[in-house]
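Below: the structure, in structure tokens.
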Amino acid sequence: MESIDQRPNAIFLMGPTASGKTALACALADRFPLRLVSVDSALVYRGMDVGTAKPDAATLARYPHRLIDIRDPSQPYSAAEFRADALAAMREITQAGEVPLLVGGTSLYFRALEHGLSALPDADQALRAELADEAARIGWPALHARLAELDPHAAARIRPGDAQRIQRALEVIALSGRPLSEQQQGPAERLPWRVLKLALVPADRGPLHARIAERFDAMLAGGFLDEVRRLHLRKDLHADLPAMRAVGYRQAWPYLNGRVDAATFREQSIFATRQLAKRQITWLRSELDARWFDADRNKLEEDVVGAVSQFLPDEGS
């Protein structure tokens with residue numbers, strides 16, 4: 001006889017940037033006893049509101065999101081920290097008799113939450129500073145080439161310009177003497193929740209690309225550059241911090257330093273956002289147990305409400 005899954009329920013609402021996840025999450029929270037948990041590596045940072053498309057104050061007052069504004073931009077925030085924080089939030093929500101709805105687009109966080117993380121060496125700030133100094137001299141692509149020699153499997157998954165992940169991979173090798181990819185092959189941990197995965201993915205990327213450009217122009221009109229200027233003036237922030245490598249902020253830094261003009265800054269930011277969306281969609285294809293919904297379908301909310309109603313048959317409003 002097949003056993004019944006007794007785990008409490010949770011929902012993952014995933015999708016590329018600018019696919020309408022926040023609006024849909026809020027609509028679902030109106031219909032079901034859901035509480036929202038953000039799964040976004042940029043929304044954790046305070047003072048980074050416009051460029052991250054963070055929900056506005058009115059939205060957050062009506063629909064509180066856990067794990068938004070929990071770090072200063074000077075403080076790195078790891079996938080391991082996210083997992084611990086998300087699990088704690090999910091437990092609190094479940095114990096209150098409600099269902100956690102995890103909404104966002106950071107694939108690394110979703111993977112860490114669902115499958116756990118290998119026990120890797122703790123960060124070594126002195127070693128990180130050495131690697132950052134070396135990168136300033138020879139460039140991150142050169143360090144990526146070194147990583148390709150030491151750990152070709154990790155290098156194949158990491159882009160040559162992804163400074164944070166190159167730095168971490170080299171740090172792990174230096175501290176443990178073993179390749180990062182070898183240490184990430186540990187057994188998966190079963191998440192103690194039964195999860196419905198919902199993926200918002202446009203059938204046609206044309207409208208998504210148009211929305212990305214329109215949203216970025218709206219960010220500029222809404223004071224994005226003023227926001228980055230305030231961050232740029234802080235002596236404790238620099239371009240290599242994880243917060244400042246977020247899309248848009250990473251492109252704004254050289255613009256404020258006078259290295260590119262306004263048109264180039266805009267073009268690079270929109271292109272980087274489209275590339276981010278492409279990577280997010282590629283990852284979603286590997287989530288074989290996710291239910292896909294066309295983000296541009298007229299009946300999107302109705303269709304998703306139907307899926308959630310089937311998953312939570314006794315909890316609709």
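Throughout, numbering of the chain's residues begins at 1 and tracks the sequence. The structure displayed is predicted, hence computed values, not measured ones.
Of all non-hydrogen atoms in Ala272 and Arg250, the two that sit nearest each other are CB-NH2, 4.2 Å. Contact detail for Phe311 and Val195: the closest heavy-atom pair is CZ-C, 4.0 Å.
Salt-bridge check for Asp30 with Arg62: passed, with a basic side-chain N closer than 4.0 Å to an acidic carboxylate O. Look at Glu149 and Arg146 and you find no salt bridge, because none of the NZ, NE, NH1 or NH2 atoms lies under 4.0 Å from a carboxylate O. A salt bridge is absent between Asp69 and Arg46: the closest approach of a Lys/Arg side-chain nitrogen to an acidic carboxylate oxygen does not fall below 4.0 angstrom. Under 4.0 Å is where a charged nitrogen must lie from a carboxylate oxygen, and between Asp72 and Arg234 at least one such pair does. One finds no salt bridge joining Glu287 and Arg111 here, because no Lys/Arg side-chain nitrogen approaches an Asp/Glu carboxylate oxygen to under 4.0 Å.
Side-chain rings of Phe216 and Phe265 approach one another, their centers coming within less than 6.0 Å. Between Tyr249 and Phe224, the ring center distance clears the sub-6.0 Å criterion.
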Which side-chain N or O atoms in residues 86-97 pair as donor and acceptor under 3.5 Å with protein atoms at least two apart or in another chain?
residue : atom : partner : partner atom : Å
Glu92   : OE1  : Arg66   : NH1          : 2.9
Thr94   : OG1  : Met90   : O            : 3.0
Thr94   : OG1  : Trp193  : NE1          : 2.8

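Cluster annotation: Leu276 is not connected to Leu13 through the hydrophobic network of ILVMFWY side chains, with a link wherever side-chain heavy atoms come within less than 4.5 Å. Linking ILVMFWY side-chain heavy atoms closer than 4.5 Å, directly or via other members, places Leu28 and Ile68 in two distinct hydrophobic clusters. In the hydrophobic clustering of this structure, Leu102 does not group with Leu43; members are Ile, Leu, Val, Met, Phe, Trp, Tyr whose side-chain heavy atoms approach within less than 4.5 Å, directly or through other members. Taking hydrophobic clusters as Ile, Leu, Val, Met, Phe, Trp and Tyr residues chained together by side-chain heavy-atom distances below 4.5 Å, Leu200 shares a cluster with Tyr63.
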> So His232 and Asn257, side-chain hydrogen bond (donor to acceptor under 3.5 Å, both in side chains) or not? Walk me through it.
Replying inline: CA-CA 9 Å; His232 193 256; Asn257 288 335; 2.8 Å; yes

>> Applying salt bridge (Lys or Arg N to Asp or Glu O under 4.0 Å) to Asp217 and Arg266, what does each step give before you reach the verdict?
In response: CA-CA 8 Å; Asp217 287 336; Arg266 177 184 179 274; 2.7 Å; yes

>> Apply salt bridge (Lys or Arg N to Asp or Glu O under 4.0 Å) to residues Glu214 and Arg211 and explain how you reach the verdict.
In response: CA-CA 5 Å; Glu214 290 166 5; Arg211 275 198 305 276; over 6 Å; no

>> Walk me through whether Arg157 and Asp151 qualify under salt bridge (Lys or Arg N to Asp or Glu O under 4.0 Å).
In response: CA-CA 10 Å; Arg157 296 196 309 268; Asp151 187 350; over 6 Å; no

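Alongside Ile173, the hydrophobic cluster contains Leu127, Leu131, Ile138, Trp140, Leu143, Leu147, Leu150, Ile158, Ile166, Leu170, Leu175 (criterion: ILVMFWY side chains under 4.5 Å).
Of the candidates Leu191, Leu196, Leu198, Phe12 forms a side-chain contact (heavy atoms from CB on, under 4.5 Å) with just one, namely Leu191.
Here the CG-CE distance, from Leu231 to Met48, works out to 6.5 Å after rounding to the nearest 0.5 Å. Note that the CZ atom of Arg274 and the CD1 atom of Ile212 stand 6.5 Å from one another [nearest 0.5 Å].
Applying the salt bridge (charged side-chain N to carboxylate O under 4.0 Å, His left out) test to Asp133 and every residue at least two apart in sequence or in another chain returns nothing.
The aromatic rings of Tyr109 and Tyr77 stand perpendicular to each other, their planes meeting at an angle above 60°, with 30° marking the opposite boundary.
Within a 6.0 Å sphere centred on NE2 of His153, heavy atoms belonging to other residues, nucleotides or ligands number 12 at most.
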